[in-house]
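What's counted below: heavy atoms across the whole structure, side chains too, no hydrogens, waters or symmetry copies.
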Amino acid sequence: MIALVLYALLPMLRNTLVGITSIDAAVRESAVALGMTPKQVLLQVEIPLAAPTILAGVRLATVTTIGTATIAAAIGGGGLGVFLFRGIASVDAHQLLAGAIPAAALAVLADGGLGWIEKRFTVPA
C-alpha cells in the first residue's frame, strides 16, 4: 500500500504544480489588486482554475495504481493479480480472464467516474 501511494504521488503533484503555475499572471495580479491575501488567491482563484489539471493527475494516478496493484500478486500481495498469474502459469484462459476483466472494468469505471467529476469542476471559458 505504501509503495502504491508513493508511486501515485508523482502524477498528482506534477499536475498540481503544472495547473497552478500555468495560470496567467494577470489573473493573479487582478486577485491581489482586489485585496486578496495569498491564501485567498490560492484557495479562491488558483485552485479552482487549476482543478481540471489537478483532477487529471488524480485520474491518471488512480488508473495507474489499479493496474500496478494487479501485479502485486507477484510479491504475495493478493488481489485480482492472483488469477492473472495462475492463469498464465497454467495456461488457463478462464482464470486469466477472471483476473483481467474485473481489473480492466475497475480501471475503466474509475476513469469514467473521475472524468465525470473532472467535467463538473471545469470552469466554463
Side-chain angles (χ1 to χ4, degrees):
M1 289 297 287
I2 294 170
L4 291 173
V5 169
L6 292 175
Y7 188 73
L9 281 178
L10 178 64
M12 290 190 298
L13 290 176
R14 186 168 200 166
N15 276 31
T16 301
L17 181 66
V18 167
I20 290 175
T21 58
S22 67
I23 295 172
D24 191 16
V27 174
R28 282 190 193 93
E29 290 174 14
S30 298
V32 172
L34 288 171
M36 290 184 163
T37 64
K39 183 179 176 180
Q40 288 174 322
V41 172
L42 177 68
L43 295 176
Q44 296 177 9
V45 177
E46 293 176 341
I47 290 180
L49 290 175
T53 308
I54 294 169
L55 289 172
V58 171
R59 188 175 171 185
L60 174 67
T62 300
V63 172
T64 304
T65 301
I66 291 170
T68 306
T70 58
I71 62 169
I75 58 168
L80 294 171
V82 171
F83 296 113
L84 289 169
F85 287 110
R86 282 184 193 163
I88 291 170
S90 64
V91 193
D92 183 5
H94 293 293
Q95 218 171 26
L96 181 66
L97 291 175
I101 291 173
L106 184 61
V108 168
L109 287 173
D111 184 55
L114 289 171
W116 180 79
I117 292 170
E118 187 179 331
K119 286 179 187 173
R120 300 271 298 151
F121 280 97
T122 302
V123 178

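- Atom CD of E46 and atom CD1 of I23 lie 5.0 Å apart (nearest 0.5 Å).
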V45 vs M36, test: side chain to side chain contact (heavy atoms under 4.5 Å, CB included). Steps then yes/no. CA-CA 10 Å; V45 177; M36 290 184 163; 3.8 Å; yes
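- Note that CG of L60 and CG of L10 are 9.5 Å apart. Values are rounded to the nearest 0.5 Å.
- The shortest non-hydrogen separation linking A73 to F85 is CB-CD1, 3.7 Å.
- Counting only distance, with no hydrogens or angles, the side chain of N15 and the backbone of I54 share no donor-acceptor pair below 3.5 Å.
- Side-chain contact between L80 and L84: absent, with no pair of heavy atoms (C-beta onward) separated by less than 4.5 Å.
- Remark: the backbone N or O of V41 is not paired with any side-chain donor or acceptor of R28 at under 3.5 angstrom.
- Residue I75 holds its CD1 atom at 8.5 Å from CD1 of I71, rounded to the nearest 0.5 Å.
- Of the listed residues (V108, L114, D111, V58), just one forms a side chain to side chain contact (heavy atoms under 4.5 Å, CB included) with V63, and that residue is D111.
- Side-chain contact between T68 and Y7 is present, with at least one heavy-atom pair separated by less than 4.5 Å.
- Without hydrogens or angle criteria, Q40 side chain to T37 main chain gives a donor-acceptor distance under 3.5 Å.
- Around CG of L34, the count of heavy atoms belonging to other residues, nucleotides or ligands within 6.0 Å exceeds 12.
- Here the closest non-hydrogen pair linking S90 and Q95 is OG-OE1, 3.8 Å.
- Taken together through direct or relayed side-chain contacts under 4.5 Å among Ile, Leu, Val, Met, Phe, Trp and Tyr, M12 and I2 form part of one hydrophobic cluster.
- To the nearest 0.5 Å, the span separating CG on L4 from CE on M1 amounts to 6.5 Å.
- Pairing each heavy atom of P11 with each of A61, the nearest pair is CG-CB, 3.9 Å.
- The structure places CD of E29 at 8.5 Å from CG of D24, a figure rounded to the nearest 0.5 Å.
- Shortest non-hydrogen contact noted between L43 and P48 is O-CD, 3.4 Å.
- Annotation: the span from R59 atom CZ to I117 atom CD1 amounts to 10.5 Å, rounded to 0.5 Å.
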